[in-house]
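The next block holds one structure in the form of structure tokens; read it before the comments.
For this chain, numbers begin at 1 and follow the sequence in order. We use all heavy atoms of the structure for the numbers below, so side chains are in, but hydrogens, waters and symmetry mates are not.
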Amino acid sequence: MSNWKVPFDQNGDLLRYDKWDSYEKKDNFEFEVSTAEFIGFERGRSSAISLWRLDGREYPMFLTDLKDLLLKVRIEEGFISSPFNLIFTFSKKGSNLGVKLSENNFIN
């Protein structure tokens, strides 16, 4: 894991930028996901990202992390097709945050 903190808003949603000090920050952690739906792509000022709905919450994913995901899972009609839950964790590039597939999954 990492030594940086993951910022969340008052609803428990991930903040995409690590620049707000008044919200809750947690140590980076892994979380299990049973439903992962691809939403689309978005372009910011400093990066392009893919958007995912993981168990009902929306998360950004860097395109480099998307490449790793696509090489390991199958996607059918916008959803990740997997016989078991997947494990995700948080990723940071500069001051931007997103999610990525954890190395602690049952897939190779």
Side-chain angles (χ1 to χ4, degrees):
M1 290 290 174
S2 63
N3 59 357
W4 47 270
K5 303 272 188 185
V6 182
F8 295 90
D9 68 12
Q10 63 273 16
N11 298 319
D13 294 320
L14 173 69
L15 294 173
R16 294 184 184 187
Y17 305 98
D18 188 14
K19 62 181 180 182
W20 293 284
D21 293 329
S22 61
Y23 294 112
E24 180 180 16
K25 290 187 178 187
K26 299 178 182 178
D27 290 330
N28 193 1
F29 60 92
E30 294 181 333
F31 58 102
E32 241 181 88
V33 171
S34 61
T35 305
E37 177 187 10
F38 175 72
I39 300 171
F41 294 102
E42 191 174 280
R43 177 106 180 109
R45 290 174 45 181
S46 63
S47 66
I49 58 168
S50 61
L51 294 173
W52 290 83
R53 186 170 293 115
L54 306 177
D55 287 345
R57 290 194 185 269
E58 192 173 301
Y59 293 97
M61 181 183 290
F62 300 109
L63 296 184
T64 52
D65 295 325
L66 174 63
K67 181 194 85 159
D68 295 338
L69 176 89
L70 293 175
L71 292 173
K72 294 178 180 173
V73 301
R74 194 165 97 210
I75 298 178
E76 296 179 8
E77 298 180 9
F79 289 87
I80 291 178
S81 175
S82 176
F84 43 79
N85 290 349
L86 295 174
I87 302 170
F88 285 82
T89 189
F90 298 95
S91 175
K92 184 174 180 184
K93 297 189 188 298
S95 62
N96 299 308
L97 293 124
V99 294
K100 67 178 183 177
L101 195 62
S102 170
E103 295 175 3
N104 295 324
N105 279 287
F106 301 108
I107 54 179
N108 293 327

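Clustering ILVMFWY residues whenever any of their side-chain heavy atoms sit less than 4.5 angstrom apart, transitively, puts Leu66 in a cluster other than the one holding Phe79. Hydrophobic clustering, with ILVMFWY side chains joined whenever heavy atoms are under 4.5 angstrom apart, groups Leu101 together with Val6. One hydrophobic cluster, built from ILVMFWY side chains closer than 4.5 Å, cannot hold both Leu70 and Ile39; they sit in different ones. If you chain together hydrophobic residues whose side chains sit under 4.5 Å apart, Leu69 and Phe84 fall into the same group. In the hydrophobic clustering of ILVMFWY residues, with side-chain heavy atoms under 4.5 Å counting as a link, Ile49 and Leu15 come out apart.
In this structure, Glu77 places its CD atom where only 12 or fewer heavy-atom neighbours from other residues, nucleotides or ligands lie under 6.0 Å away.
Atom CD1 of Ile87 is separated from atom CZ of Phe31 by 10.5 Å, given to the nearest 0.5 angstrom. Distance CZ/Arg74 to CD1/Ile80: 12.0 Å, rounded to 0.5 Å. Lys67 NZ to Lys100 NZ: the interatomic distance, rounded to the nearest 0.5 Å, is 12.5 Å. Interatomic distance, CD of Glu32 versus CZ of Phe88, reported as 11.0 Å (0.5 Å rounding). A distance of 9.0 Å separates CZ of Phe41 from CG of Leu51, quoted to the nearest 0.5 Å. Distance NZ/Lys93 to OG1/Thr64: 3.5 Å, rounded to 0.5 Å.
Closest approach of Glu76 and Ser81 over heavy atoms only: OE2-OG, 3.7 Å. The two atoms that bring Gly94 and Lys92 nearest to each other are O-CE, 3.0 Å, heavy atoms only.
Judged purely by atom type and a 3.5 angstrom limit, Asn105 uses its side chain to pair as donor or acceptor with the backbone of Ser102.
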Pairs under 3.5 angstrom only: tabulate donor-acceptor contacts from the side chains of residues 54-63 to other protein residues two or more places apart or in another chain.
from	atom 1	to	atom 2	distance (Å)
Asp55	OD1	Ser34	N	3.1
Asp55	OD1	Ser34	OG	3.0
Asp55	OD1	Thr35	N	2.8
Asp55	OD2	Ser34	N	3.3
Arg57	NH1	Asn11	O	3.1
Arg57	NH1	Asp13	OD1	2.5
Arg57	NH2	Asn11	O	3.3

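Looking at residues two or more places apart in sequence or on another chain, you find no salt bridge (charged side-chain N to carboxylate O under 4.0 Å, His left out) involving Arg43.
Side chains of Asp65 and Val99 form no contact here, defined as non-hydrogen atoms less than 4.5 Å apart. Within the 4.5 Å cutoff, no side-chain heavy atoms of Val73 are placed close to those of Ser82.
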